[in-house]
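For reference, the structure discussed in these notes is given below.
For the numbers below, each heavy atom of this structure counts, side chains included, while hydrogens, waters and symmetry mates do not. Keep in mind that what you see is a predicted model, and the values were worked out from it rather than measured.
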Amino acid sequence: MPDTSRRSYADLFRTPEFSPLFLSSAANLGAQTVSGLALGTLVFRATNSPLLSAVSMFGPALAQMLGATFFLSGADRLPPRATLAGLSLAFAAVTAALALPGLPIAGVLGLVLLKGLIASVGGGVRWGLLTEILAKDGYLAGRSLFNMMNGVLQIAGYAAGGVLVTVLSPRVCLLLAAGLYATAAAVALRLTRRPPRTAGRPSVRATWRANSLLWSARPRRHVYLALWIPNGLVVGCESLFVSYDPSAAGTLFACGALGMLAGDVTVGRLLPPRLRPRLGIPLLALLAAPYLVLFLRPPLPLAAVLIALASVGFGASLVQQERLVALTPDELSGHALGLHSAGMLTMQGVAAVLAGTVAQFTSPATAMSVMALASLTVTLSLTLASRRTAPDGGLLPTRAAVRSA
């Protein structure tokens, strides 16, 4: 059987429907990047608070798990085309509202949380559709390309956003981001109409039942925890870039995106499949370790290099996602990937609050080191726990584990 996970990226774009899904996601990510930096800058200028700045940028993630708890069954029970277009239009409306002059900080945070609640179904719909377009054995190649796009657009978005915020204003940047979201909705309408993957109406009961099923198997639990916690704690470090160095925040975000791009290319295209499972834990350690040095407040060039090096470790998520897909029944693929996305983003939002709180009482540099140390501790704990329960570390996919769930 050919190894379709090694198919070329050109082959992916020759696959029907891949291009509109990719381009719509790219427009969404560009809007998210520009609007996040603009909003974080706007709030920091108004409040001089690292905590509120971090929450404004990463607050949408806080509502993700709430949405996953009640609405995630929609990931497999709603038509993908209409859902993705509708979500992008909702993002455009909320982002335009955030640009309103005189909007109080409480109103800003309320809209930020509303945006996260709306987004809670989007990841499951998008990634479940990707498994249909490419099939499970092509998911890694496709997700690798999406992650590369993520890195490139974050580099460009944060660099351009940093310039636009300075030259124009944060509110103008928010309006530009709203336009990008509207563009994403238009591109999503180029997708083929598909029926939902699972029959039945979305409901809270269906969401809870599927969540319980996915969480019941120990190998999947270990994958979820490894995807959510170490990654999220390091994103807490990133949430402090604006308060760490307000004049160079765009540069730091761009360097982080460059490192993430390098990690995704390495894991998704350069590493042979037999080596990937062995690098999950080392990559998680790399993700956190360089941030320990920021406690010393190194010069900006060195800080940028350390952040880029750390972000290579985000490639660990590709290894873990590949295992999660193999561990999940087809009819729950959208729900499983949506739960991963919602849990990861929620943990990122929680970590942003924690990091902002520590920074409020100490300093951004100290808070970054604290979050990095916590990430390393969790990685070590998960590794030891996994090895006590299974010779493969509790993460390798087995069909028996899926059926027993």
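Residues Phe146 and Leu21 meet the side-chain proximity criterion, which asks for heavy atoms closer than 4.5 Å. Contact annotation: the side chain of Phe361 never approaches that of Thr366 to less than 4.5 Å [non-hydrogen atoms, C-beta and beyond]. Side-chain contact between Thr379 and Leu287 is absent, with no heavy-atom pair separated by less than 4.5 Å. Counting heavy atoms from C-beta on, the side chains of Thr383 and Leu284 never come closer than 4.5 Å. Considering only heavy atoms from C-beta on, Leu109 stays 4.5 Å or farther from Leu113 through its side chain. In this structure the side chain of Val305 never reaches within 4.5 angstrom of the side chain of Cys255, judged on heavy atoms. Here the side chains of Val267 and Leu283 are in contact, with some heavy-atom distance below 4.5 Å. Taking 4.5 Å as the limit, some side-chain heavy atom of Glu238 sits within range of a side-chain heavy atom of Ser311.
In terms of modelled atom types and a separation under 3.5 Å, the side chain of Arg221 and the main chain of Trp215 share a donor-acceptor contact. Under a 3.5 Å cut-off, the side chain of Thr131 and the backbone N or O of Gly128 do form a donor-acceptor pair. The closest donor-acceptor contact from the side chain of Arg220 to the backbone of Thr328 lies at 3.5 Å or more, if one exists at all. The main-chain N or O of Pro20 is never found under 3.5 Å from a side-chain atom of Ser24 such that the two would form a donor-acceptor pair. When atom types are taken as modelled, the side chain of Ser375 and the backbone of Ala288 share no donor-acceptor pair closer than 3.5 angstrom. Remark: side-chain polar atoms of Tyr224 are paired, donor with acceptor, to backbone N or O of Ala336 under 3.5 angstrom. Between the Ser49 side chain and the Leu52 main chain, a donor and an acceptor come within less than 3.5 Å of each other.
Looking at residues two or more places apart in sequence or on another chain, you find a salt bridge (Lys or Arg N to Asp or Glu O under 4.0 Å) between Arg194 and Glu17, Glu132.
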Given side chain to side chain contact (heavy atoms under 4.5 Å, CB included), test Leu382 with Ile281 step by step and report yes or no. CA-CA 9 Å; Leu382 285 174; Ile281 298 304; over 6 Å; no
Could you go through Leu306 and Tyr291, starting from their C-alpha distance and side-chain angles, then the distance that decides it, and tell me whether this counts as side chain to side chain contact (heavy atoms under 4.5 Å, CB included)? CA-CA 7 Å; Leu306 289 169; Tyr291 280 98; over 6 Å; no
Test log, rule side chain to side chain contact (heavy atoms under 4.5 Å, CB included), inputs Thr95 and Lys115: CA-CA 8 Å; Thr95 303; Lys115 188 176 178 181; 3.5 Å; yes
So Leu354 and Met371, side chain to side chain contact (heavy atoms under 4.5 Å, CB included) or not? Walk me through it. CA-CA 8 Å; Leu354 290 174; Met371 300 302 286; 4.2 Å; yes
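Of all heavy-atom pairs spanning Gly122 and Leu84, the tightest one is O-CD2, 4.3 Å. Heavy-atom minimum distance, Ala119 versus Phe91: CB-CZ, 3.5 Å. Ile118 and Ala90 make their closest contact through CG2-CB, 3.9 Å (heavy atoms, listed as atom of the first residue, atom of the second, distance). In plain terms, the two heavy atoms of Leu111 and Val94 that are nearest each other are O-CG1, 3.6 Å.
Taking CG of Leu180 as the reference point, atom CG of Leu175 lies at 11.5 Å (rounded to 0.5 Å). For the atom pair Leu39 CG and Arg171 CZ, the distance stands at 10.0 Å (nearest 0.5 Å). In this structure, CD1 in Ile307 is found 9.5 Å from CG in Leu302, a value given to the nearest 0.5 Å. Here the CZ-CG distance, from Phe314 to Asn231, works out to 5.0 Å after rounding to the nearest 0.5 Å. A distance of 9.0 Å separates CZ of Phe18 from CG of Leu23, quoted to the nearest 0.5 Å. Rounding to the nearest 0.5 Å gives a distance of 7.5 Å between OG of Ser363 and CZ of Phe295.
Using the six-membered ring where Trp is involved, Phe22 and Phe13 have ring planes that are perpendicular, over 60° apart on the 30 and 60° scheme.
Sequence neighbours left out, the pairs with a member in residues 26-44 that pass side chain to side chain donor-acceptor pair (under 3.5 Å) are Asn28-Ser88.
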